[in-house]
Amino acid sequence: MTPTMTVDIPPLAQQAIKKIQDLLGPHGWIDDPADMERYLNEQRGLFKGECAGVARPATTDEVALVIETCSRAGISVTPQGGNTGLVGGAVPVYSDQCGIVLATERLNRIRDIDPLNQTMTVEAGVILADVQKTARDAGLLFPLSLGAEGSCRIGGNLATNAGGVQVLRYGNARDLVLGLEVVLADGRTWEGLSRLRKDNTGYDLKHLFMGSEGTLGIITACVLKLYALPKYQETVMCAAADAPAVLDLFGRVRAAVGDGLTAFEIINRFAFDITVKHIDGCTDPFEHSHEQYALVQTGGMSKDLREVLEETLAQALEDGVIADAVFAQSSTQAADLWRIRETIPEAQKHEGASIKHDVSVPVSSVPDFLTRATDLVEKELTATRVCAFGHAGDGNIHFNLSQPETMASDAFLNKWHDFNRQIHDLVMQMGGSFSAEHGVGMLKRDDLTRYKSDEEIDLMRRMKQALDPDGILNPGKVL
Ligand SMILES: Cc1cc2nc3c(=O)[nH]c(=O)nc-3n(C[C@H](O)[C@H](O)[C@H](O)COP(=O)(O)OP(=O)(O)OC[C@H]3O[C@@H](n4cnc5c(N)ncnc54)[C@H](O)[C@@H]3O)c2cc1C
């Protein structure tokens, strides 16, 4: 029955799995090794898992029954949404126990949309792009937006407290939620689908589950906040000589347009150039090369926003803060500019092996961080190519490294730990975070214990113990 698990499955667990199969029917259970493959691998190839099967419940009640059955039989459960996470959190790794994946893909209904309340109730398996589209069709905005939005699912976004490109204006995923429905580790369901914007009645439980990466409960549905759809949107790519100039520009644009600034991304020259070199449809809109680029997006209800932005950029040009700027004249051109930003990780694959860091520092420290981190890299291994880009307006930099051109990939990847240690030590010294968006999963578990205080780790362990005393939910992740 379970050719993809190397551990023996005890008889009690076998009976429980049979019960789950019967309960979910043929569409709700997968244990054919070829069909399971896509649930077992993380897309960057860093983690490969195994499990006894993939449960695909279609309702919250089915999730509850699966979890209750697993809990009684001591079967562990790894929840999985779109499996686009980048830290191995959704990969089932059960070296000494029986476990399954619980995939949310069939929990995919939009339950309700309330335009006046500006809320939408959706199930965990709805793809993020479909959430956005449903909101748009109702004349509203759901602002969470990230490169994987065509395949990640809203439950996964909340379980990782995803960030993305509009955090600056609308906050992280957790800021976009009013209520949650969660199946607990013993199979009970907490129906917390509040649609209230004000409710100070005891502990705010939803925030325990968001960002907990499937270790405290299974999110089955949520109430999301919607926003007015901006009538006017501008996208501009700016070029500058260095990172301090980019941050100077950030301050100027934010002062001029306030909340109208919805995204502010930094892209260094290497990251920019490799997209133009490797990705179809990416072209350099500038006549000359520049050291740094800023992708700026504004949105709002007033037509004047364009004029204010133009004036601000003209002044920045006159003051020598930026060297050039290209306004998108249509939504197609805006998409072309965004393509440069969104395809950097794909382009980086063409440049050989890479070592990645998803870090944050206070926004004002971004230039200093980039200088110090680049110096560290130079000292550790000259000729390493720094591919630094990210959400500068949130202080979140994807400080990625591409191997020296003449070095063997394996030799470079052997330096993964050394680079991680130095960069993470640096961000922590600068009051930053070693994982700004992607979470902890398996990849950054050691960092969690290295950088968090004993008190914080103790509180986290006690929360885990209180909510999942038998440790069946996503074992081996986060803690
Ligand atoms: C091209 C690309 C761009 C990306 N850009 C960004 C970005 O800008 N910002 C950002 O934050 N992330 C980004 N990511 C990372 C990833 O897309 C996000 O972490 C996303 O939120 C994960 O959603 P998912 O549905 O794929 O979750 P999965 O990968 O399936 O799961 C992620 C974690 O959540 C848990 N989980 C999933 N569903 C549930 C549930 N219903 N209940 C409880 N736990 C659950 C899993 O067990 C796992 O620990 C990017 C990834 C890619 C590939």
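All values below come from the heavy atoms of this structure, side chains included, with hydrogens, waters and symmetry mates left out. Numbering starts at 1 and runs along the sequence shown. Just so you know, ligand 1 is whichever comes first in the structure, and atom 1 is the first atom listed for that ligand.
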Nearest candidate to atom 34 (O) of ligand 1, where distance is taken over non-hydrogen atoms, out of Ala159, Ser145, Gly155, Pro345: Ala159
Any Leu261 side-chain heavy atom under 4.5 Å of Val253 side chain: yes
Arg153 N/O under 3.5 Å from ligand 1 N/O: yes
Distance (rounded to the nearest 0.5 Å) between Lys225 NZ and Gln118 CD: 11.0 Å
Subset of ligand 1 atoms that lie under 4.0 Å from at least one heavy atom of Ala162: 11 (O), 21 (O)
Student check: side-chain heavy atoms of Leu24 and Glu62 closer than 4.5 Å: yes
Polar contact flag, side-chain donor to acceptor under 3.5 angstrom, Gln166-Ser145: no
Those atoms of ligand 1 less than 4.0 Å from some heavy atom in Asn474: 47 (O), 49 (O)
Candidate list Leu193, Ile218, Val63, Ile219, test side chain to side chain contact (heavy atoms under 4.5 Å, CB included), partner Glu181, passing option: Leu193
Geometric N/O contact Ile218 with ligand 1, under 3.5 angstrom: no
Where ligand 1 meets Thr160 - atom numbers and elements under 4.0 angstrom, heavy-atom basis: 19 (O), 20 (C), 21 (O), 32 (C), 33 (C), 34 (O)
Test of proximity, Gln43 against ligand 1: N or O pairs below 3.5 Å: no
Heteroatom distance test (Cys152, ligand 1): nitrogen or oxygen, under 3.5 angstrom: no
Enclosure of Asp22 CG (heavy-atom neighbours >12, cutoff 6.0 Å): yes
Near-ring test Phe272/Phe389, centroid separation under 6.0 angstrom: no
Identity of the nearest option to atom 6 (C) of ligand 1, non-hydrogen atoms only, from Val87, Ile219, Leu146: Leu146
Polar contact flag for Gly81 and ligand 1 (N/O pairs, less than 3.5 Å): yes
Min N/O separation Thr104 to ligand 1 under 3.5 Å: no
Ligand 1 to Gly85 polar contact by distance, N or O atoms, under 3.5 Å: yes
Pick from Leu86, Val77, Leu128, Thr84: the one approaching atom 17 (O) of ligand 1 most closely through a non-hydrogen atom: Thr84
